Amino acid sequence: MSKQPKSLYFVLLILALVVNFAGINAGFFTDDPGLYASIAKNMVQKNDWLQLFTYNTDWLDKPHFPFWMAAMSFKIFGISAWAYRLPALIFFCLGLLYTWLFAKRFYGKDAALIAVLILATAEHILISNIDTRAEPYLMALVIGSIYHVSRYNQKGTVKHFLLAALLTACAIMTKGLFVIVAIYGALLGQMIAQKQFLKLFSGKWLLLYLATIIFTLPEFYALYVQFDMHPEKLVFDRHNVSGIKWFLWDSQFGRFANNGPIQQKKSGDPFFFIHTMLWTFLPWCLMFYFAVYKSIRKVFQKISLSEYYTISGGLLLLLLFSLSRFQLPFYTNILFPLFAIMMAPYVTSVLSKGQENLRKVFLLLFAIILPVVIIAVHIMLKPENSVMFITGIILFGLVAAWIVRQQVSSAVKIFALTCCASLFGNFYMNTVFFPKMASYNSQVKAAKYANQPQFAGSGVYSLRQSNNSFQFYCNKPVGFVALNEFKNFDPQGPVIFFASQASVDQLSAEGSKFKIIASFVDYPQENILPQFINAKTRYKVLSKAYLISK
């Protein structure tokens with residue numbers, strides 16, 4: 001590796017880590033992080049690491065691993081938004097490390113650093129590190145599993161055997177059985193390419209499969225304790241629900257067919273992830289399609305690839321996602337390490353003149369557009385101050401000028417400038433835009449209001465199960481009272497309820513009696529609407545939320 005690109009890449013990597021960690025303490029602005037953090041908080045407060053609860057009721061939707069990690073963080077550092085995000089960010093860094101290790105083994109150090117930078121600057125990776133769910137964990141566990149499986153395939157040592165089994169089991173305990181499509185799909189493609197398919201059924205591999213099952217037993221045990229031992233529990237509006245059956249079938253195949261207990265309102269589109277990646281994998285999406293074309297063309301021309309793990313695992317799971325009828329944008333995150341590794345050899349390598357021009361267009365397009373968009377957003381957003389915006393312009397402007405002056409190839413400069421543009425954009429999002437959006441989350445403000453001493457003797461309830469940021473930020477356990485039960489609800493002692501504008505309107509229409517304690521401005525959306533961005537039209541999409549009493 002030449003000295004100058006190496007120093008250039010390391011500077012960008014440090015900046016990427018700073019940007020990814022910049023939003024660690026931001027308030028929650030979507031529901032899922034509040035839900036996951038509340039479940040982990042309940043684990044700590046109940047001192048029960050096997051059962052998952054929300055609003056003091058049993059919860060069956062996701063496996064345990066991310067909740068165990070967040071709960072451990074709460075146990076060590078106390079309950080806070082940053083303590084919830086910290087383990088996810090550590091796993092994000094672990095994902096970068098495994099991306100480096102895998103790419104270095106098959107493509108060399110230059111390509112490995114490029115792959116790491118692509119991953120660290122991909123749009124939905126940066127978003128997921130502030131809007132934290134299960135994806136940072138899953139991303140690290142999948143690429144880590146594939147790395148150790150590839151090493152076990154090449155050199156069957158005990159270390160790689162144990163780590164391949166452990167990381168695969170943790171991935172399963174994060175998202176379910178479908179993750180093995182990426183992990184063992186990657187291995188399947190490699191073994192077919194090596195004409196060693198039948199070896200997958202040899203003792204070496206059967207032992208690995210068995211070890212993976214053994215490492216997954218904590219999940220089965222936890223589900224058995226909470227659900228299978230208690231057929232009397234009412235889950236999904238029915239009794240006799242098996243947590244183990246749900247884990248093995250309903251949570252996977254039910255979502256695939258979108259006919260399980262939890263369904264998406266809109267059924268799947270086979271092209272959903274193709275066009276979704278145009279923004280989730282910014283600014284690398286067009287280069288990714290180019291890399292896929294080049295790799296597939298080589299396969300058909302019977303030109304050997306350096307490895308077949310990434311193209312096999314990545315495209316196979318992407319195909320499965322596309323065929324699924326339950327689709328969400330962040331599903332693609334777990335594939336980004338594989339996609340980044342696939343792309344890396346084509347980002348700065350010598351190509352034909354036509355292909356080099358195409359690469360320039362694919363990268364410079366975003367290097368120019370992203371800063372322009374951010375400046376336009378800031379002008380319309382009109383935040384209280386512009387300190388972080390100006391800081392970002394100065395910092396990344398100086399970095400861009402430094403990149404231009406480096407004695408490196410034009411391909412390296414263009415790649416570095418594209419990284420810089422992405423980091424500037426997401427530095428702004430993490431330090432200005434998302435905190436601004438979180439400031440309109442009435443649930444956080446209402447919870448802090450309810451934490452005041454005058455409500456010390458009051459019970460606290462939510463009228464909707466989607467008020468999870470309120471549940472997390474409230475110091476007391478939050479119960480749930482359905483809207484249709486509010487009128488007849490007879491509390492024993494003083495109570496307060498968190499209610500959205502829609503809930504208050506419904507209570508009023510039904511003739512329910514209540515008293516408003518406090519009101520809060522609310523942005524009742526998770527999607528970023530243009531009217532919200534524009535300070536002049538923001539009032540049109542704002543609502544109110546309330547703390548009320550009977």
Side-chain angles (χ1 to χ4, degrees), residues 30-43 46 48-68 70-71 133-134 138 172-179 216-268 320-321 324-328 330-331 461-472 477-486 488-489 500 502-503 506 526:
T30 59
D31 184 65
D32 277 358
L35 173 62
Y36 296 172
S38 296
I39 292 171
K41 172 183 163 184
N42 288 335
M43 270 187 173
K46 292 175 180 290
D48 185 345
W49 295 72
L50 295 178
Q51 303 188 72
L52 305 180
F53 294 96
T54 179
Y55 298 109
N56 291 315
T57 59
D58 295 284
W59 187 80
L60 183 61
D61 185 3
K62 299 287 190 300
H64 286 64
F65 186 78
F67 305 108
W68 285 331
R133 309 179 196 211
L138 200 56
I172 293 170
M173 292 189 290
T174 299
K175 202 66 174 179
L177 291 176
F178 271 8
V179 299
T216 313
L217 289 178
E219 181 65 34
F220 289 103
Y221 180 69
L223 291 168
Y224 176 78
V225 167
Q226 185 167 6
F227 298 103
D228 293 69
M229 282 181 64
H230 299 281
E232 77 281 0
K233 287 186 175 181
L234 186 67
V235 184
F236 304 129
D237 296 322
R238 64 179 187 266
H239 298 285
N240 294 299
V241 171
S242 167
I244 293 174
K245 177 182 174 293
W246 166 86
F247 178 61
L248 294 174
W249 184 265
D250 291 332
S251 71
Q252 304 298 290
F253 300 97
R255 288 198 168 181
F256 181 79
N258 201 28
N259 61 6
I262 300 169
Q263 298 183 18
Q264 212 176 14
K265 291 180 181 178
K266 194 176 179 181
S267 196
L320 187 67
F321 285 160
S324 169
R325 302 181 70 186
F326 192 98
Q327 299 169 334
L328 294 168
F330 47 79
Y331 283 6
Y461 293 87
S462 169
L463 297 181
R464 290 185 186 272
Q465 289 188 327
S466 57
N467 298 327
N468 289 302
S469 294
F470 177 76
Q471 182 185 188
F472 174 70
V478 178
F480 170 69
V481 175
L483 276 169
N484 58 2
E485 298 172 355
F486 179 85
N488 299 321
F489 181 67
S500 65
S503 298
Q506 184 174 331
E526 290 193 356

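Computed from heavy atoms alone, side chains included, the values below leave out hydrogens, waters and symmetry copies. A quick note: this is a predicted structure, and the numbers were derived from the prediction, not measured.
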Look only at the side chain of Asp32 and the backbone of Arg133, and say whether a donor-acceptor pair between them is shorter than 3.5 Å.
-> no
For Phe472, is the NZ or CZ atom of Lys41 found under 6.0 angstrom from the centre of its six-membered ring and inside 45 degrees of the ring axis?
-> yes
Can any side-chain N or O of Ser462 pair as donor or acceptor with the backbone N or O of Gln465 at less than 3.5 Å?
-> no
Shortest non-hydrogen contact from Tyr55 to Asn467?
-> OH-O, 2.9 Å
Could you tell me how the ring of Tyr36 sits relative to the ring of Trp59: parallel (under 30°), tilted (30 to 60°) or perpendicular (over 60°)?
-> perpendicular
Would you confirm whether Gln51, through its side chain, and Val225, through its main-chain N or O, come within 3.5 Å as a donor-acceptor pair?
-> no
Please confirm whether the backbone N or O of Met173 pairs with a side-chain atom of His64, one donor and one acceptor, at under 3.5 Å?
-> no
Heavy-atom donor-acceptor pair, Asp58 side chain to Lys233 backbone, under 3.5 Å | no
Drop me the distance from Lys175's NZ to Phe65's CZ, to the nearest 0.5 angstrom.
-> 14.5 Å
Can you name the ring pair (Phe, Tyr, Trp, His ring centres under 6.0 Å) partners of Phe486, sequence neighbours left out?
-> Phe497
Return yes if some donor-acceptor pair links the side-chain N/O of Asp31 with the main-chain N/O of Asn468 below 3.5 Å, else return no.
-> yes
Closest heavy-atom pair, Pro63 versus Ile172, reported as atoms and distance to 0.1 Å, is CG-O, 4.0 Å
Exercise: do Gln471 and Thr54 side chains pair donor with acceptor under 3.5 Å = yes
Asp48 vs Met43 side-chain heavy atoms within contact, under 4.5 Å | no
Nearest heavy-atom approach of Ile39 to Phe67 is CG2-CD2, 3.8 Å
What pair of heavy atoms forms the shortest contact from Lys46 to Asn56, and how long is it?
-> NZ-OD1, 3.6 Å
side-chain contact (heavy atoms from CB on, under 4.5 Å) partner of Val235, the single match among Thr57, Asn240, Leu60 | Leu60
Give a yes or no answer on whether the side chain of Asp228 reaches the backbone of Ser242 with a donor-acceptor pair at less than 3.5 Å.
-> no
So CD of Glu219 and CG of Leu50: to nearest 0.5 Å the spacing works out to 10.0 Å
Quick one: closest heavy-atom pair of Trp246 and Asp61, and the distance?
-> CZ2-O, 2.6 Å
Do Asp250 and Phe236 come close enough that some side-chain heavy atom pair is under 4.5 Å?
-> no
Any donor and acceptor pair, going by atom type alone, linking the side chain of Trp68 with main-chain N or O of Trp49 inside 3.5 Å?
-> yes
Exactly one candidate in Phe220, Tyr224, Tyr221, Phe227 meets ring pair (Phe, Tyr, Trp, His ring centres under 6.0 Å) with Phe247; the answer is Phe220
